[in-house]
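Not measured: the values here are computed from a predicted model.
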Amino acid sequence: MPLALVDCNNFYVSCERVFNPKLEGVPVVVLSNNDGCVVSRSNEVKALGLKMAEPWFKVEKLAKQHGIIALSSNYALYGDLSARVMSILSTFTTRQEIYSIDECFLDLDGFDPQSLIAYGQTIRKTIKRNIGIPVCIGIADTKTLAKLANYCAKKQLAGENSVCDFGQLNEMQMSELFSGITAAEVWGVGPRINQKLRAMGIKTIEDLRTATPDKIRNQFSVVLERTINELNGFPCIELEDAETPRQQIMVSRSFGSSVTALEDLIESVAYFATRAAENLRQDGSVAASVCVYIRTSPFKETNQQYQQSKVVPLIRPTDDTMKLVGAALQGLKAIYRSGFYYKKSGVLLLGLQAKETLQATLFDDPASLAKSARLMSTMDAINQKMGAGSLTLAASGIQHRWAMRRENKSPNYTTNWDELPIVK
């Protein structure tokens, strides 16, 4: 059963270039929260040797030397363009698995094997024309091989014009190709596993593919044994049509500058709990407990360190923002200590279950539950129509002095009426 892995190239950078063509052909990076680390690099930046997750303050000198443009992350833009890409990809197959914000598996079972490269080119051209995002496509009989085929398409090691179909290679060609790629490029082989494999003399993908599965299972795990089977064309990882329900929801951020006042922490925790509650309702779930945590910066050796968390159980699982915020603030007040410079807070919703499966109890008030459901539905509808945060709890505050630093963020071109691109 052939699968295609569609991967958006340098996704965050590509999203920025869609609405700012001046960025084409110049070195561009997108930075993480608070403009801390490099999380997306253009090909021009990769050619300069700048690594992923490099702290920005360490490479600013290099950036000035080579004219690298640094942009703050714009998650609203990236999320919206990702949804548009995935929507278009869904029209090319009857089965689709969205693997990440910029990756998607497509089931190509039943298609003419000789036409898959041409079909891949059609997919690429459609995404580029309709959205403006360049993609690479890898095609193979297993997920692990499809990931490798995508890698080869991106590196131009096999295939043509950013599409690689392993089905077009014979056994000798596959062996020669895999002999030139390190085992570290295999899906699921991390640095530690790779180091141990190298100590065993397994350095390339071909070495791993031809290793004895039983020996690998005894030395590592059944997971790596399945990887070997996948490398040999035997599917062990199924395509998932629907997303697995989340077991927990976390919303947290590092602050743009340290805070000491309880009022600022209350604002941040209320804001994060509100966002978490919205995600909870989108999933159709309810939470049984709320965990809140706060901590100082581990990188500030001159300051006293403090971190603490607290789990607050709920009387009844809920998706009500007011109840979840109330529980989070109860936990915050229990763990807050004055005299510290806090750098981060977060809210974690635990004990998630589908709302439709929640059993009623003798102490439930049907009228109160119905009122809560109407209120939350109204809040979500207003925020969806008028923009996130248009209607929120007063505890979330307005000024957000603790908000993360994003000094070079592009406009929300597709999700905010006031920031729509203007054509002159």
How about Gln173: does its CD atom have over 12 heavy atoms from other parts shown lying under 6.0 Å from it? yes

Residue pairs passing the salt bridge (Lys or Arg N to Asp or Glu O under 4.0 Å) test with at least one member in residues 79-92, sequence neighbours excluded, are Asp80-Arg84

Quiz question: by atom type and distance under 3.5 Å, do the side chains of Ser100 and Asp102 form a donor-acceptor pair? yes

Shortest non-hydrogen contact from Ala158 to Leu177? CB-CD2, 4.2 Å

Determine yes or no for a side-chain-to-main-chain donor-acceptor pair under 3.5 angstrom, with Thr91 supplying the side chain and Ser87 the backbone. no

Mark yes when over 12 heavy atoms from residues, nucleotides or ligands other than Met52 sit less than 6.0 Å from its CE; otherwise mark no. yes

Nearest 0.5 Å, what's the NZ-CG distance between Lys128 and Asn130? 12.0 Å

Check whether any side-chain heavy atom of Thr204 sits under 4.5 Å from a side-chain heavy atom of Phe178, and report yes or no. no

Euclidean distance, Lys343 NZ relative to Ser254 OG, rounded to 0.5 Å: 6.5 Å

Hey, are the side chains of Ile68 and Val45 touching, using non-hydrogen atoms and a 4.5 Å cut-off? yes

Is it true that a side-chain atom of Glu230 and a backbone atom of Ile237 form a donor plus acceptor pair closer than 3.5 Å? yes

Take a 6.0 Å sphere around CD of Glu24 and say whether it holds more than 12 heavy atoms from other residues, nucleotides or ligands. yes

How about Lys125: does its NZ atom have over 12 heavy atoms from other parts shown lying under 6.0 Å from it? no

Output field: ring centroids Tyr271/Trp402 closer than 6.0 Å: yes

Do the rings of Tyr75 and Tyr12 sit parallel, tilted or perpendicular, given the 30° and 60° boundaries? perpendicular

Contact check, side chains of Leu3 and Thr142, non-hydrogen atoms, under 4.5 Å: no

Should Lys46 and Asn10 be marked as a side-chain hydrogen bond (donor to acceptor under 3.5 Å, both in side chains) after you check the CA-CA gap, both sets of side-chain angles, and the distance that decides it? CA-CA 10 Å; Lys46 294 177 183 178; Asn10 312 324; 2.7 Å; yes

Smallest heavy-atom separation, Val347 atom then Ala328 atom, equals CG2-CB, 4.3 Å

Quick check for you: to the nearest 0.5 Å, what is the distance between Phe234 atom CZ and Arg226 atom CZ? 16.0 Å

Without swapping roles, check the side chain of Ser221 against the backbone of Val223 for a donor-acceptor pair under 3.5 Å. yes

So does Arg209 pair up with Glu206, basic N to acidic O under 4.0 Å? yes

Work out which heavy atom in Leu106 is nearest to a heavy atom in Cys104; give both atom names and the distance. CD2-SG, 3.8 Å

Answer yes or no: is there a side-chain heavy-atom contact under 4.5 Å between Ile137 and Asp165? no

Heavy-atom count check: over 12 atoms from other residues, nucleotides or ligands less than 6.0 Å from Gln156 CD? yes

Go through it in stages, so that I can follow the logic: the residues are Glu419 and Ser410, the test is side-chain contact (heavy atoms from CB on, under 4.5 Å), and I'd like the CA-CA distance, side-chain angles, deciding distance and then a yes or no. CA-CA 9 Å; Glu419 299 179 17; Ser410 57; over 6 Å; no

Answer yes or no: is there a side-chain heavy-atom contact under 4.5 Å between Ile133 and Cys15? yes

So that I can tick it off, tell me whether Glu103 and Lys147 are bridged by a salt bridge, with the cut-off set at under 4.0 angstrom between side-chain N and carboxylate O. yes

Once rounded to the nearest 0.5 Å, what's the spacing between atom CD1 of Ile335 and atom CD1 of Ile294? 4.0 Å

For the backbone of Ser390 and the side chain of Asn383, can you confirm whether one donor and one acceptor N or O come within less than 3.5 Å of each other? yes

Looking at Asn150 and Leu5, would you say the former's side chain and the latter's main chain have a donor-acceptor pair under 3.5 Å? yes

Using a 3.5 Å distance criterion without hydrogens, assess whether the side chain of Ser82 forms a donor-acceptor pair with backbone atoms of Tyr78. no

Can you tell me how far apart CD (Gln384) and CG (Leu391) are? Round to the nearest 0.5 Å. 13.5 Å

Within the 3.5 Å criterion, strictly below it, is a donor on Gln121 or Arg124 matched to an acceptor on the partner's side chain? yes

Is it true that atom NZ of Lys409 has more than 12 heavy atoms of other residues, nucleotides or ligands lying nearer than 6.0 Å? yes

Test side-chain contact (heavy atoms from CB on, under 4.5 Å) on Asp319 and Val286; report intermediate values, then the result. CA-CA 5 Å; Asp319 63 1; Val286 290; 4.2 Å; yes

Between Glu97 and Lys143, does any NZ, NE, NH1 or NH2 come within less than 4.0 Å of an OD or OE carboxylate oxygen? yes

Measure the shortest side-chain to side-chain distance between Thr321 and Met376 over non-hydrogen atoms and say whether it is less than 4.5 angstrom. yes

State, without any angle test, whether Ser268 and Ser345 hold a side-chain donor-acceptor pair at a distance under 3.5 Å. yes

Taking the cut-offs as 6.0 angstrom to the six-membered ring centre and 45 degrees off its axis, would you call Lys344 and Phe255 a cation-pi pair? no

For Phe111, what residues pass the side-chain contact (heavy atoms from CB on, under 4.5 Å) criterion, not counting sequence neighbours? Leu108, Leu116, Tyr119

Once salt bridge (Lys or Arg N to Asp or Glu O under 4.0 Å) is applied, what residue pairs with a partner in residues 268-295 remain, sequence neighbours excluded? Arg246-Asp283, Arg275-Glu278, Arg281-Asp380

For residues Val163 and Gly120, report the shortest heavy-atom separation together with the two atoms involved. CG2-C, 4.0 Å

Check whether any side-chain heavy atom of Leu348 sits under 4.5 Å from a side-chain heavy atom of Val290, and report yes or no. no

Tell me if a side-chain donor or acceptor on Ser175 pairs with a main-chain N or O of Glu171 at a distance below 3.5 Å. no

Does the side-chain contact (heavy atoms from CB on, under 4.5 Å) test come out yes or no for Leu77 and Thr414, once each step is laid out? CA-CA 7 Å; Leu77 176 65; Thr414 63; 4.1 Å; yes

Might you confirm whether atom NZ of Lys310 has over 12 heavy atoms from other residues, nucleotides or ligands at distances under 6.0 Å? no

Can you tell me if Asn416 uses its side chain to pair, donor with acceptor, with the backbone of Asn412 under 3.5 Å? no

Is Leu349 close to Cys291 at the side-chain level, that is, under 4.5 Å between some pair of heavy atoms? no

Could you state the interatomic distance from CD (Gln307) to OG (Ser297), rounded to the nearest 0.5 Å? 11.0 Å

Looking only at heavy atoms, the pair that brings Ala146 and Ala140 closest together is N-CB, 3.6 Å

Using ring centroids (six-membered ring only for Trp), state whether Phe272 and Tyr293 fall under 6.0 Å. no

Between the main-chain N or O of Glu267 and the side-chain N or O of Ser396, is there a donor-acceptor pair closer than 3.5 Å? no

Could you check whether any side-chain N or O of Arg337 sits under 3.5 Å from a backbone N or O of Tyr306, counting only pairs where one atom can act as donor and the other as acceptor? no

Taking the six-membered ring for Trp, are Phe105 and Trp187 parallel (under 30°), tilted (30 to 60°) or perpendicular (over 60°)? tilted

Please evaluate residues Asp7 and Val135 with respect to the criterion side-chain contact (heavy atoms from CB on, under 4.5 Å), reporting the C-alpha separation (whole Å), side-chain torsions for both, the decisive distance (0.1 Å), and the verdict. CA-CA 5 Å; Asp7 183 13; Val135 302; over 6 Å; no

Kindly give the heavy-atom pair with the smallest separation between Ala76 and Thr415, and that separation in Å. CB-OG1, 3.9 Å

